[in-house]
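The block underneath contains the structure these notes are about, expressed in structure tokens.
We count residues from 1, following the sequence as given.
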Amino acid sequence: MRFQPFVFDRQGCRIPVIIEPMTQRDAELTNEQPLWQTSWTSEFLSDERFQRYAARVGDELIALGAYEILENALVVHIVYLEAQPESNPTLDEGQPKYTGIGRLMVAYGIKLSIDNGLAGDVVLEAKTTALAKHYERDFGAVRLPMFQSSAPRYLIADEAAKRIFFAYLV
């Protein structure tokens, strides 16, 4: 079995995605029109502890993800995920070019956890109440006590992580 990433287009068709390490040019694209919600050239997202990945449909950059392997905690911390402006729910005016990007990037965090000898568990913070509800309802995330972050922190593990990850295995 192998991990085969995909998203859905406006017609609901599966579209293959390539995920590879983010380049400096990928980060710079977030500062060009159409502007992304966050500049990926920021000092925070440039932290050396983070592994950064770009998701593409063909040559089109559709998402970026920053992940931190927390071997002492036996999880992957999904530091930040962002979809292209045309597919970002806060920017796309309800007409996303692609859907399923968030789930795909969470699945990639689960893959990184497995690839690094961990159990496939991931943690992430919900930046908004709507995201918190989405993580709980659609991803089976469980709320954790807050530590370093003021945002609600969630764990996706066990059966919830397996359901997400298995959707991308062929």
Side-chain angles (χ1 to χ4, degrees), residues 5-10 12 15 17 19 22 26-27 29-47 49-57 60-70 73 75-113 120-165 167-168:
F6 63 87
V7 292
F8 296 98
D9 67 11
R10 286 187 175 124
I15 305 298
V17 172
I19 300 177
M22 184 186 86
D26 294 330
L29 283 172
T30 66
N31 298 323
E32 298 176 9
Q33 292 297 324
L35 285 176
W36 289 49
Q37 208 169 2
T38 303
S39 171
W40 282 70
T41 59
S42 71
E43 185 176 328
F44 172 70
L45 289 171
S46 299
D47 190 313
R49 294 173 302 159
F50 306 153
Q51 295 183 22
R52 293 168 296 278
Y53 291 90
R56 289 186 178 72
V57 170
E60 179 183 17
L61 180 64
I62 66 163
L64 294 170
Y67 305 87
E68 181 179 20
I69 312 299
L70 299 175
V75 299
V76 167
H77 174 214
I78 300 175
V79 177
Y80 199 74
L81 302 176
E82 186 172 1
Q84 68 179 156
E86 299 87 351
S87 302
N88 185 322
T90 59
L91 302 172
D92 67 20
E93 299 177 358
Q95 298 295 320
K97 184 172 184 179
Y98 301 106
T99 58
I101 291 173
R103 178 179 282 278
L104 168 62
M105 298 306 281
V106 167
Y108 198 75
I110 295 166
K111 179 184 183 313
L112 286 173
S113 178
D121 299 348
V122 296
V123 294
L124 69 166
E125 289 83 21
K127 294 176 281 192
T128 66
T129 302
L131 272 176
K133 289 178 182 175
H134 170 58
Y135 294 157
E136 290 175 15
R137 179 187 63 239
D138 300 325
F139 295 170
V142 177
R143 187 155 182 188
L144 296 173
M146 292 190 296
F147 298 105
Q148 302 167 8
S149 170
S150 60
R153 188 177 197 125
Y154 286 88
L155 170 69
I156 301 173
D158 304 321
E159 288 301 314
K162 191 164 81 172
R163 274 192 305 277
I164 293 168
F165 185 66
Y168 299 92

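Contacts of A130 classified as side-chain contact (heavy atoms from CB on, under 4.5 Å), with partners at least two apart in sequence or in another chain: T128. With sequence neighbours left out, the salt bridge (charged side-chain N to carboxylate O under 4.0 Å, His left out) criterion links D26 to R56. With sequence neighbours excluded, the residues satisfying side chain to side chain donor-acceptor pair (under 3.5 Å) with Q37 are N88, T90. Taking the side-chain contact (heavy atoms from CB on, under 4.5 Å) definition, one finds that T38 meets it with W40, L45, Y80, E82, sequence neighbours left out. Partners of E68 under the side chain to side chain donor-acceptor pair (under 3.5 Å) rule, at least two apart in sequence or in another chain, are R49, H77. Remark: E32 pairs with R25 by the salt bridge (charged side-chain N to carboxylate O under 4.0 Å, His left out) rule, at least two apart or across chains. Residues that satisfy the side-chain contact (heavy atoms from CB on, under 4.5 Å) test with Q33, not counting sequence neighbours, are L35. Applying the side chain to side chain donor-acceptor pair (under 3.5 Å) rule to S42 yields no partners; only residues at least two apart in sequence or on another chain are considered. Scored by the side chain to side chain donor-acceptor pair (under 3.5 Å) test, Y98 finds E60 as partners (sequence neighbours excluded). A132 meets the side-chain contact (heavy atoms from CB on, under 4.5 Å) test with A126, Y154; sequence neighbours excluded.
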Q. Would Y67 and L124 count as a side chain to side chain contact (heavy atoms under 4.5 Å, CB included) if you check the C-alpha gap in whole Å, the side-chain angles of each, and the deciding distance to 0.1 Å?
A. CA-CA 10 Å; Y67 305 87; L124 69 166; over 6 Å; no
Q: Test I69 against Q51 for side chain to side chain contact (heavy atoms under 4.5 Å, CB included), laying out the working first.
A: CA-CA 8 Å; I69 312 299; Q51 295 183 22; 3.5 Å; yes
(Q) side-chain hydrogen bond (donor to acceptor under 3.5 Å, both in side chains) for S113 and D121? Distances and angles first, verdict last. (A) CA-CA 6 Å; S113 178; D121 299 348; 5.9 Å; no
Scan the side chains in residues 155-165 for donor-acceptor partners under 3.5 Å anywhere in the protein, sequence neighbours excluded, and list what turns up.
| from | atom 1 | to | atom 2 | distance (Å) |
| --- | --- | --- | --- | --- |
| E159 | OE2 | K162 | NZ | 3.2 |

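Formation of a donor-acceptor pair under 3.5 Å by the R10 side chain with backbone atoms of Q95 is found in this model.
Nearest approach of L64 to M105, heavy atoms of both residues: C-CE, 3.8 Å. A pairwise comparison of heavy atoms in I19 and P5 identifies CD1-CB, 4.1 Å as the closest pair. When all heavy atoms of V57 and V7 are compared, the closest pair comes out as CG2-CG2, 4.2 Å. Considering all non-hydrogen atoms of both residues, I110 and V122 come closest at N-CG1, 3.6 Å.
One finds the OH atom of Y135 at 7.5 Å from the CD1 atom of I78 (value rounded to the nearest 0.5 Å). Remark: I15 CD1 to F8 CZ distance equals 9.5 Å, nearest 0.5 Å. Note that the CZ atom of F50 and the CE atom of M22 stand 11.5 Å from one another [nearest 0.5 Å].
Counting only residues at least two apart or in different chains, salt bridge (charged side-chain N to carboxylate O under 4.0 Å, His left out) contacts with residues 126-142 are absent.
Contact annotation: the side chain of R153 approaches that of V123 to within less than 4.5 Å [non-hydrogen atoms, C-beta and beyond]. Between L61 and W36, some side-chain heavy-atom pair lies under the 4.5 Å cut-off.
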